[in-house]
Protein chains: 2
Amino acid sequence: MRSLGQRIELLGVLAHPVRIRILEELTRGVKCVSDFEDFLEISQPNISQHLGLLRNHGVIDFYMDGRLRCYFLVDPIIPDLLEILKTDYHKSLPAPSCCPVTKKGSYPGKRRR
Amino acid sequence: MRSLGQRIELLGVLAHPVRIRILEELTRGVKCVSDFEDFLEISQPNISQHLGLLRNHGVIDFYMDGRLRCYFLVDPIIPDLLEILKTDYHKSLPAPSCCPVTKKGSYPGKRRR
DNA sequence: ATTATATATTCAAATATTATTATATTTTTA
DNA sequence: TAAAAATATAATAATATTTGAATATATAAT
């Protein structure tokens with residue numbers, strides 16, 4: 001199982017708009033760097049940096065095709081994670097109802113803003 | 001549905017060891033600030049800062065119980081997300097096999113390190 | 001009313017992340 | 001073999017996040 005540290009690390013890796021877009025694109029198939037240049041509005045070196053970061057963390061890998069690097073997903077959690085992030089939950093979790101629930105308290109009391 | 005920006009924001013909020021531990025604890029039930037002091041080895045103000053951040057992002061909320069603040073989960077994605085992060089995937093995703101897959105390339109070529 | 005308890009807020013310092021710019025590497029093509 | 005194409009690396013600058021220290025607020029108990 002992923003350790004706590006590994007879970008945090010993964011979250012940190014995902015927590016960037018460019019990297020999420022790269023990963024969402026890769027769930028649809030292999031892409032080379034210049035494919036990303038077409039729809040990410042950032043510089044080529046910056047794209048490479050993000051791809052390198054994802055690769056260093058074992059999230060993606062690549063094949064060579066001539067001078068193209070064809071990146072693809074490796075970590076199997078990614079599609080599931082991306083899907084769950086897009087899921088629509090329309091109700092909040094139910095407010096806790098039974099007491100006492102904290103160590104010292106006699107909850108519930110009044111809700112405050 | 002959560003926008004891309006909201007998804008990134010959520011990931012950023014979760015990508016911290018203290019906050020993940022707080023949330024994992026809250027999936028088991030309500031906790032007040034001093035409960036967290038028992039197992040997080042950081043200062044009380046720092047705990048409050050993390051709780052405040054989680055609350056500002058709509059992930060948790062609290063009830064008052066006298067002078068205790070009893071925090072609880074609000075965002076329903078949290079338990080699912082925490083669970084998926086802990087899931088054991090033992091196989092990598094299958095390497096892509098069909099070509100051509102990139103815009104310009106004639107993939108697959110040889111895999112490189 | 002005063003004091004103690006539980007928790008929050010503020011600001012600055014420390015640290016980490018990200019983007020930018022310039023340059024390097026690798027492979028292909030001429 | 002020289003030039004072009006695709007991509008990476010390195011160094012720095014810009015920005016954001018995190019922590020620490022001091023102080024503030026609110027409620028409860030005396």
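Lettering of chains follows the sequences in order, A, B, ..., and the numbering in each one begins at 1.
- The side chain of B/R69 sits closest to C/dA8 out of C/dA8, D/dT19, D/dT7.
- Regarding contacts with the backbone of D/dA8, a side-chain N or O of A/Y71 is found under 4.0 angstrom from either OP1 or OP2.
- Here the P atom of nucleotide D/dA6 and the CG atom of A/L51 are 16 Å apart, to the nearest Å.
- Each of C/dT7, D/dT19, D/dT7 was ranked by its minimum atom distance to the side chain of A/S48; first place goes to D/dT7.
- In terms of phosphate contacts, B/S34 brings a side-chain nitrogen or oxygen within less than 4.0 Å of OP1 or OP2 of C/dT7.
- Among the nucleotides D/dA21, D/dA8, C/dT7, the one closest to the side chain of A/P45 is D/dA8.
- Comparing D/dT7, C/dT7, D/dA8 by their closest approach to the side chain of B/L68 singles out C/dT7.
- For B/T87 and B/E83, the side-chain atoms include no donor-acceptor pair closer than 3.5 Å.
- Of the candidates B/R21, B/R19, B/R55, B/R19 is the only one forming a side chain to side chain donor-acceptor pair (under 3.5 Å) with B/H50.
- Position along DNA chain C of the nearest nucleotide to A/G12 versus A/S43 favours A/G12 as the more 5'-ward residue.
- Comparing A/H16 and A/R67 by the nucleotide of DNA chain C whose heavy atom lies nearest to each, the residue mapping closer to the 5' end is A/H16.
- The distance between atom CD1 of A/I42 and atom P of C/dT18, rounded to the nearest whole Å, is 11 Å.
- Residue B/H57 contributes atom NE2, which lies 13 Å from atom P of D/dA16 at whole-angstrom precision.
- Closest contact between the side chain of A/E37 and the listed nucleotides D/dT19, D/dT7, C/dA8 involves D/dT7.
- Rounding to whole angstrom units, CE of residue A/M64 and P of C/dT25 are separated by 15 Å.
- Summarising the geometry, the separation between CG on B/N46 and P on C/dA6 is reported as 19 Å, rounded to the nearest angstrom.
- Between the CG atom of A/L40 and the P atom of D/dA6 there is a distance of 17 Å, rounded to whole Å.
- In this structure, the side chains of A/L10 and A/H57 stay at 4.5 Å or more apart for every pair of heavy atoms.
- Using a 4.5 Å heavy-atom threshold, the side chains of B/C32 and B/D65 count as separate.
- For D/dT30, the paired base is C/dA1 (Watson-Crick or G-U wobble, both distances below 3.5 Å).
- Checked against C/dT10, C/dT18, D/dT9, the side chain of B/Q49 finds its nearest nucleotide in C/dT10.
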